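Just so it is clear, the values below take in all heavy atoms, side chains as well, and ignore hydrogens, waters and symmetry mates. Values in this document were obtained by computation on a predicted structure and should not be read as measured data.
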Amino acid sequence: MNVIRVNEIFYSLQGEGFNTGRAAVFVRLSGCNRKCPFCDTDFSKFREMSETEIVAEASLYPTRFVVLTGGEPGLQVTESLIDLLHEANFEVAIETNGSVQLPKNIDWVTVSPKGGELKAERCNELKIVFDGTSEPTVPTQFENARKYLQPMDTGDKDRNSEIVRRCVEYVKSHPQWRLSLQTHKLVGFP
């Protein structure tokens, strides 16, 4: 039986990207192989759970849409966990930095590259965190993915406002991209 380090499991709405506004159970796994300055996860706290315990806790909520997130959930997620979630009638999404290969039975893959080699083999949705200065690039293997540009949250209101302005300008000039705002932060839900 696989033991997984879980930072938290909670019920909310997806706040960004293609599934914005959709009710979801979030399973935030602990640990990452990147050190992003804007990361919002405290990896020092976690509880070890079996795959069965994760599915049981996720099943307490009325939705059948689960989002595996982190950190980098690809470091721990297994095909057997996805199979158990599917058996419980969940549609399974993952938010990954793309640095590791993922189980092939995941329903929706969001890749948000954070540097380094990309090993994810598929991507339904590419989400680039935009700092207002660097030109977003699309990895060639993800050319056909839906493309989202998300303004980086720096914690500085004035800087954030400028990044959002530049992000909007970029999307208007490059209509193959869509703006992804962190609506959960804008309206104040977890």
Side-chain angles (χ1 to χ4, degrees), residues 1-100 102-103 105-114 120 123-127 129 146 148 150-155 160 179-190:
M1 179 181 295
N2 292 313
V3 175
I4 297 176
R5 291 181 172 189
V6 177
N7 187 276
E8 63 181 330
I9 297 176
F10 63 98
Y11 184 53
S12 189
L13 301 181
Q14 175 59 281
E16 54 197 53
F18 180 80
N19 287 300
T20 295
R22 188 171 179 191
V25 177
F26 291 85
V27 179
R28 185 181 305 277
L29 303 183
S30 187
C32 193
N33 55 355
R34 301 286 187 260
K35 300 212 182 300
C36 303
F38 50 83
C39 183
D40 58 2
T41 303
D42 176 4
F43 298 118
S44 65
K45 63 176 188 171
F46 61 85
R47 57 187 162 138
E48 292 185 338
M49 298 179 73
S50 71
E51 293 174 343
T52 304
E53 290 170 328
I54 291 169
V55 174
E57 190 166 331
S59 295
L60 295 174
Y61 303 101
T63 188
R64 284 299 171 254
F65 180 58
V66 66
V67 178
L68 305 173
T69 186
E72 176 45 57
L75 295 172
Q76 297 187 77
V77 72
T78 62
E79 190 171 309
S80 58
L81 172 61
I82 306 307
D83 285 342
L84 286 172
L85 287 164
H86 283 154
E87 288 172 19
N89 296 315
F90 279 98
E91 178 183 352
V92 181
I94 192 166
E95 297 176 354
T96 176
N97 62 31
S99 63
V100 296
L102 302 171
N105 56 342
I106 297 172
D107 302 304
W108 185 266
V109 177
T110 300
V111 176
S112 183
K114 306 293 191 291
C123 172
N124 301 96
E125 171 182 5
L126 178 68
K127 180 179 70 179
V129 178
R146 292 168 176 88
Y148 288 86
Q150 182 167 296
M152 179 186 293
D153 181 358
T154 65
N160 285 353
L179 179 66
S180 175
L181 298 176
Q182 293 180 300
T183 57
H184 53 291
K185 290 183 179 181
L186 294 173
V187 298
F189 64 88

Self-check item: side-chain contact (heavy atoms from CB on, under 4.5 Å) partners for P151, two or more places apart
Solution: I163, V164, C167, L179, L181
Quiz item: For T52 and S50, does a side-chain donor sit closer than 3.5 Å to a side-chain acceptor?
Solution: no
Quiz item: Can you tell me if N7 uses its side chain to pair, donor with acceptor, with the backbone of K45 under 3.5 Å?
Solution: yes
Quiz item: Does F46 have any side-chain contact (heavy atoms from CB on, under 4.5 Å) partners at least two apart in sequence or in another chain, and if so, which?
Solution: R5, S30, E48
Quiz item: By side-chain contact (heavy atoms from CB on, under 4.5 Å), which residues pair with R34, not counting sequence neighbours?
Solution: C32, C36, N97, S99, K114
Quiz item: Is any side-chain heavy atom of L126 less than 4.5 Å from a side-chain heavy atom of P113?
Solution: yes
Quiz item: Any side-chain heavy atom of E95 within less than 4.5 Å of one from Q14?
Solution: yes
Quiz item: Ignoring hydrogens and geometry, is there a side-chain-to-backbone donor-acceptor pair from D107 to V92 under 3.5 Å?
Solution: yes
Quiz prompt | Side-chain heavy atoms of L75 within contact of V100, under 4.5 Å | solution = yes
Quiz item: Is there a side-chain contact between I82 and L68, using heavy atoms and a 4.5 Å cut-off?
Solution: yes
Quiz item: Looking only at heavy atoms, what is the nearest atom pair of V55 and A88, with distance?
Solution: CG1-CB, 3.8 Å
Quiz prompt | Closest contact, heavy atoms only, G74 versus L102 | solution = CA-CD2, 3.7 Å
Quiz item: How would you list, by chain and number, every residue that makes a side-chain contact (heavy atoms from CB on, under 4.5 Å) with E57, sequence neighbours excluded?
Solution: I9, R47, M49, L60
Exercise. For the pair S180 (side chain) and G17 (backbone), establish whether a donor and an acceptor sit closer than 3.5 Å, ignoring hydrogens and angles.
Key: yes
Quiz item: Quick one: ring-ring contact (aromatic ring centres under 6.0 Å, His included) pairs with a partner in residues 3-26, sequence neighbours left out?
Solution: F10-F26, Y11-Y61, F18-W108
Quiz item: Does S112 reach the main-chain N or O of K127 with its side chain, forming a donor-acceptor pair under 3.5 Å?
Solution: yes
Quiz item: Hey, are the side chains of N19 and F65 touching, using non-hydrogen atoms and a 4.5 Å cut-off?
Solution: yes
Quiz item: Which heavy-atom pair separates P73 from G70 by the least distance, and what is that distance?
Solution: CD-N, 3.9 Å
Quiz item: Restricting to pairs with a member in residues 68-84, which pass salt bridge (charged side-chain N to carboxylate O under 4.0 Å, His left out), not counting sequence neighbours?
Solution: none
